[in-house]
Amino acid sequence: MATDSWALAVDEQEAAAESLSNLHLKEEKIKPDANGAVVKTSANAEKTDEEEKEDRAAQSLLNKLIRSNLVDNTNQVEVLQRDPNSPLYSVKSFEELRLKPQLLQGVYAMGFNRPSKIQENALPLMLAEPPQNLIAQSQSGTGKTAAFVLAMLSQVEPANKYPQCLCLSPTYELALQTGKVIEQMGKFYPALKLAYAVRGNKLERGQKLSEQIVIGTPGTVLDWCSKLKFIDPKKIKVFVLDEADVMIATQGHQDQSIRIQRMLPRNCQMLLFSATFEDSVWKFAQKVVPDPNVIKLKREEETLDTIKQYYVLCSSRDEKFQALCNLYGAITIAQAMIFCHTRKTASWLAAELSKEGHQVALLSGEMMVEQRAAVIERFREGKEKVLVTTNVCARGIDVEQVSVVINFDLPVDKDGNPDNETYLHRIGRTGRFGKRGLAVNMVDSKHSMNILNRIQEHFNKKIERLDTDDLDEIEKIAN
DNA sequence: AAAAAAT
């Protein structure tokens, strides 16, 4: 299964391997450690011009190798380092990173005792001197946010009263959530301030931001950097793209993200994180990020193993609604998210459920930001058990009590093809941090059954039929 | 189709 985007033809691999050894990159320098991370053991040294040239050549070869099977694919983590001359290692504790005491204090205050798998490998790379670029893929709920927040906080200079770190999120809600993590982890820096560059956050013209870190959505950030000049992009040291694949995808936020990126200084550190990178987006990511280090935590199967997936066979939207009502008792044991394809369907569904006497909350992009903030807050607090929403909440939203995800409409792209990435992100709202989760897909036509089958094939994971008229069966899934 | 701007 797991589409192997990095596969190269065998002879190409061998050719690459040969020229690599010609460049005196001895094999001992690249060997997997106990975690499967590729470790290079040579020490850091001053480089001559020739060595620089050699480095560059070796690097382009390494980029090729990344895509080949020479890198151990059987282990959990794949790391590929850009600079063969700097040591690469993974850390087993936060102390080893020699963080500023205020930052270490913040990390522990958040209840993190030791680094997660992705953090073990990503942190030493991100904190290296000089700063290095990174593209990291790691499934939902594995600690990506904490990883890049820590990277920003370790680079920030609170004494300098201007933005130095910039993080982009695809939605308003995710920007708020990530901002909270930044605030919590950075709360022991007395002078540190965070600005939210999101819709509705209006500033006085001509003002300059004094906040050292900015979290925001692409449109507002672009405005603040260019037209309104609240931010001097040339002073940004760390640039983070959260949910990076959607931020650079053509159908995503590509235009704005790339325009922002172009305004940044050449030596700005770029960090791209996501749970998914579809093949073409992956290639594009490597093009837009100069000299990237790459970390890939495989095993999306594992995520899927903790989430039980079902489908319900219906023949119309009204039947889907009936089936959903039958399920209602089971899904409200904890919290649930119901995904629709359009804002219109979402608001229709929320209204219909209300008419049936069910309390539900609605969240979509057509609502006012104040309202959106209030709804997500109530959902987080558990005051709302069921959230009817669109893809606005498909990614990143982390509410621990969510144990059920319902795809009232299956995720499809603009051409009507299955959107596997969005599917994985949506069901990844549950089963967070290894907890068990449940996903129910509503099918209402031959067409949507076909979509479901293709999703099933893509993940090579059986999606079982669920009969919503059979109360025993509903009982079973609820437990 | 949804999201994303003080347009």
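The sequence lines fix the lettering, A, B, ..., with proteins before strands; numbering per chain opens at 1.
When distances are taken from the side chain of A:Phe230 to each of B:dA4, B:dA6, B:dA2, the shortest belongs to B:dA6. With B:dA6, B:dA1, B:dA3 as the candidates, the nucleotide lying closest to the side chain of A:Leu203 is B:dA6. In the set B:dA3, B:dA2, B:dA6, B:dA2 carries the atom at the smallest distance from any side-chain atom of A:Gln251.
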Which donor-acceptor pairs under 3.5 Å do side chains of residues 217-231 of chain A form with protein atoms, sequence neighbours excluded?
residue: A:Thr220; atom: OG1; partner: A:Arg199; partner atom: N; Å: 3.4
residue: A:Ser226; atom: OG; partner: A:Leu222; partner atom: O; Å: 2.6
residue: A:Lys229; atom: NZ; partner: A:Ser226; partner atom: O; Å: 3.2

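Residue pairs meeting the salt bridge (charged side-chain N to carboxylate O under 4.0 Å, His left out) criterion with at least one member in residues 353-370 of chain A, sequence neighbours excluded, are A:Glu352-A:Lys355.
Side-chain N/O atoms of A:Arg199 include one lying less than 4.0 angstrom from OP1 or OP2 on B:dA4. A close approach under 4.0 Å does not occur between any side-chain nitrogen or oxygen of A:Thr171 and OP1 or OP2 of B:dA2. Contact annotation: A:Arg372 does not reach the phosphate of B:dA3 (side-chain N/O to OP1 or OP2, under 4.0 Å).
Summarising the geometry, the separation between CG on A:Leu168 and P on B:dA3 is reported as 18 Å, rounded to the nearest angstrom. Atom CG in A:Asp255 sits roughly 18 Å away from atom P in B:dA3 (whole-Å rounding). Between A:Leu241 atom CG and B:dA3 atom P there is a gap of 20 Å when expressed in whole angstrom units. Here B:dA1 presents its C1' atom at 13 Å from CD of A:Glu366, a figure rounded to the nearest Å. Note: CG (A:Leu209) to C1' (B:dA6) measures 14 Å, nearest angstrom. Note: CG (A:Asn391) to P (B:dA4) measures 12 Å, nearest angstrom. Between A:Met247 atom CE and B:dA3 atom P the separation is 15 Å, expressed in whole Å. The interatomic distance linking A:Arg426 (CZ) with B:dA2 (P) rounds to 11 Å, in whole Å.
Scanning for side chain to side chain donor-acceptor pair (under 3.5 Å) contacts around A:Arg259 gives an empty result, with sequence neighbours left out. The ring-ring contact (aromatic ring centres under 6.0 Å, His included) test applied to A:Phe148 returns A:Phe273, not counting sequence neighbours. Partners of A:Asp242 under the side chain to side chain donor-acceptor pair (under 3.5 Å) rule, at least two apart in sequence or in another chain, do not exist in this structure.
Within residues 213-228 of chain A, the residues that have a heavy atom under 4.0 Å from DNA chain B are, in order of number, A:Thr217, A:Gly219, A:Thr220, A:Asp223, A:Leu228.
Note on A:Gly416: nothing from the nucleic acid sits closer than 4.0 angstrom, heavy atoms only.
Closest heavy-atom contact between A:Leu363 and A:Leu387: CB-CD1, 3.9 Å.
No more than 12 heavy atoms of other residues, nucleotides or ligands sit less than 6.0 Å from atom NZ of A:Lys383.
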